[in-house]
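Notes follow once the structure below has been shown.
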Amino acid sequence: MKKSCGLRGYHLCLINVFMLLLVARSQLTSDFYSSSCPSLSKIVRREVQKALMNEMRMAASLIRLHFHDCFVNGCDGSILLDGGDDAEKSAIPNRNSVRGYEVVDTIKSSVESACSGVVSCADILAIAARDSVLLSGGPSWKVLLGRRDGTVSNGTLANSALPSPFEPLDSIIAKFADAGLNLTDVVSLSGAHTIGRARCTFFSNRLSNFSGTGAPDTTLDTAMLSDLQSLCQNGDGNQTAVLDRNSSDLFDNHYFKNLVSGKGLLSSDQILFSSDEANSTSKPLVESYISNSGLFFGDFANSMIKMGNINPKTGSDGEIRKNCRVINS
């Protein structure tokens, strides 16, 4: 027999109904555009394929765009907005570093031609990141969709919320926790560094006088140290090195194998295995991913889905930007 709220439980019932509405409102679905833009997946896949044929490194760049977007105000495409010094594009972790904006512009233009005013830039980032992983040899997953675009780009928040390659492991874990992500997400998403490159600016601190020791980082492989010192010796912080030595363009578990031999490029990579804190946190996961690439692929896909669900704007919140670089007038 169905139970009614009754007078005493009326307010409780209202709260329960409100919470259910909130859950429904924020629910992303894999078939969100099945009627309004049925060709969306094919269009994004085609444009990402073109971009990777032109430059394979772009796969890592598109994944990073999605990551850096989601960690600041949620996955709302705010990193794509042009603006002044306080825009996310101008934030220290992104300036002269995050790339792929033109590729997103191209994808958006193609999508608009097929389905004008329907698909958000935030959702395009999510699909492009998945396709970049898949086309690099990695796993696939059903991308949950229905995000709307934000209207505020917060460079100050980007400076504080995004994990830095110079931070200790506990700080990185804390920033992931602030975003609703756990230790498994830290390690599996770090595995995205199995493809792509990084500028000397982000690892030259390891090559001499590391942490004020007067010597290079002792956890760095000596042959790799010599190569990197030669690469960065003229002080040009814009020179780049591959993140996954000897397997730079293939999305696989080789990144984790490199950590065991001291060949992680960034300090934030190597500390997952070599730091004291890693022994009781990330190191067992690194070792698991080395012995079981399927586990890594599964965890990575799940972590990408979780990350893509950080504070999405849905319903009437936000907008569907016509141009990913500017809010609608």
Side-chain angles (χ1 to χ4, degrees), residues 51-52 54-68 91-101 103 129 132-133 135-138 162-169 172 186-211 213 215-275 278 282 286 289-290 296 300:
L52 268 55
N54 184 56
E55 182 195 18
M56 197 62 197
R57 180 190 173 193
M58 188 53 66
S61 300
L62 292 173
I63 297 167
R64 191 161 179 248
L65 259 179
H66 183 43
F67 177 86
H68 280 224
I92 293 170
N94 298 330
R95 190 188 311 137
N96 299 322
S97 175
V98 170
R99 55 200 296 276
Y101 299 113
V103 173
S132 294
V133 172
L135 294 171
S136 300
L162 285 166
S164 161
F166 309 111
E167 288 182 307
L169 183 55
I172 293 172
V186 172
V187 182
S188 65
L189 291 175
S190 294
H193 287 176
T194 183
I195 56 175
R197 306 179 71 89
R199 294 158 59 222
C200 287
T201 296
F202 292 116
F203 59 82
S204 58
N205 65 307
R206 305 182 67 200
L207 308 184
S208 63
N209 194 28
F210 180 62
S211 297
T213 61
D217 186 347
T218 57
T219 65
L220 183 57
D221 173 76
T222 53
M224 184 169 168
L225 169 65
S226 179
D227 290 345
L228 295 177
Q229 285 173 331
S230 297
L231 176 71
C232 306
Q233 65 182 348
N234 63 0
D236 183 0
N238 291 318
Q239 291 287 336
T240 62
V242 295
L243 283 159
D244 188 2
R245 195 173 172 93
N246 299 321
S247 180
S248 57
D249 291 329
L250 181 63
F251 197 102
D252 55 17
N253 67 341
H254 189 267
Y255 162 84
F256 297 105
K257 296 176 181 178
N258 270 345
L259 301 185
V260 177
S261 53
K263 294 177 183 175
L265 181 63
L266 306 177
S267 174
S268 55
D269 294 324
Q270 195 59 50
I271 57 175
L272 295 175
F273 185 82
S274 299
S275 65
S282 53
V286 170
Y289 293 157
I290 290 170
F296 164 50
F300 182 85

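Judged purely by atom type and a 3.5 angstrom limit, Thr213 uses its side chain to pair as donor or acceptor with the backbone of Phe210. A donor-acceptor pair is defined here as one N or O able to donate and one able to accept, closer than 3.5 Å; such a pair exists between the side chain of Asn253 and the backbone of Tyr289. The main-chain N or O of Asn258 is found under 3.5 Å from a side-chain atom of Ser261 such that the two form a donor-acceptor pair. In this structure, Gln229 contributes its side chain and Leu207 its backbone to a donor-acceptor pair below 3.5 Å. The main-chain N or O of Thr222 is never found under 3.5 Å from a side-chain atom of Ser226 such that the two would form a donor-acceptor pair. Within the 3.5 Å criterion, the main-chain N or O of Asp252 finds a donor-acceptor partner in the side chain of Thr194. With hydrogens and angles disregarded, a donor-acceptor distance shorter than 3.5 Å links the side chain of Arg199 to the backbone of Asn96. A donor-acceptor contact shorter than 3.5 Å is absent between the side chain of Glu167 and the backbone of Ile172.
Relative ring orientation between His193 and Tyr255 is described as perpendicular, the plane-to-plane angle rising above 60° on a 0-90° scale split at 30° and 60°.
Between Leu243 and Arg197, every side-chain heavy-atom pair lies at or beyond the 4.5 Å cut-off. Residues Val187 and Phe256 meet the side-chain proximity criterion, which asks for heavy atoms closer than 4.5 Å. With contacts defined as side-chain heavy-atom distances shorter than 4.5 Å, the pair Met56/Ile195 does not qualify. In this structure, the side chains of Leu135 and Phe251 stay at 4.5 Å or more apart for every pair of heavy atoms. Under the 4.5 Å side-chain criterion, counting only non-hydrogen atoms from C-beta, Leu228 is in contact with Leu265.
For the pair Ala278 and Ser274, the tightest heavy-atom approach, listed with the atom from each and the gap, is CB-N, 4.5 Å. Taking all atoms of both residues into account, the shortest heavy-atom contact from Phe296 to Ser188 is CE1-O, 3.4 Å. Leu169 and Ser282 make their closest contact through CD2-OG, 3.5 Å (heavy atoms, listed as atom of the first residue, atom of the second, distance). Closest heavy-atom contact between Leu266 and Pro165: CD1-CB, 4.1 Å. Closest of all the heavy-atom pairs between Arg64 and Pro93 is NH2-O, 3.4 Å. Nearest approach of Ser132 to Ser136, heavy atoms of both residues: O-OG, 2.8 Å.
With values rounded to the nearest 0.5 angstrom, Gln233 atom CD is found 10.0 Å from Cys200 atom SG. Considering CG of Asn234 and CG of Asp236, their distance stands at 5.0 Å, rounded to 0.5 Å. The OG atom of Ser248 sits 10.0 Å away from the NE2 atom of His254 when rounded to the nearest 0.5 Å. For the atom pair SG (Cys232) and CG (Asn238), the distance works out to 10.5 Å, reported to the nearest 0.5 Å. With rounding to the nearest 0.5 Å, the separation of OG1 in Thr218 from CZ in Arg206 is 9.5 Å.
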Where do Ile92 and Arg95 land on the side chain to side chain contact (heavy atoms under 4.5 Å, CB included) test, with the steps shown first? CA-CA 5 Å; Ile92 293 170; Arg95 190 188 311 137; 4.2 Å; yes

Under the criterion side chain to side chain contact (heavy atoms under 4.5 Å, CB included), I'd like the reasoning laid out for Leu220 against Phe203: C-alpha separation, chi angles, the key distance, then a yes or no. CA-CA 11 Å; Leu220 183 57; Phe203 59 82; over 6 Å; no

Run the side chain to side chain contact (heavy atoms under 4.5 Å, CB included) check on Asn94 and Leu162 step by step: do they pass? CA-CA 10 Å; Asn94 298 330; Leu162 285 166; 3.9 Å; yes

Verify side chain to side chain contact (heavy atoms under 4.5 Å, CB included) between Arg57 and Thr240, making sure each step is shown before the conclusion. CA-CA 12 Å; Arg57 180 190 173 193; Thr240 62; 4.3 Å; yes

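A donor-acceptor contact under 3.5 angstrom links the side chains of Arg99 and Ser61, judged on distance only.
Asp227 and Arg245 are joined by a salt bridge, as a carboxylate oxygen and a charged side-chain nitrogen come within less than 4.0 angstrom of each other.
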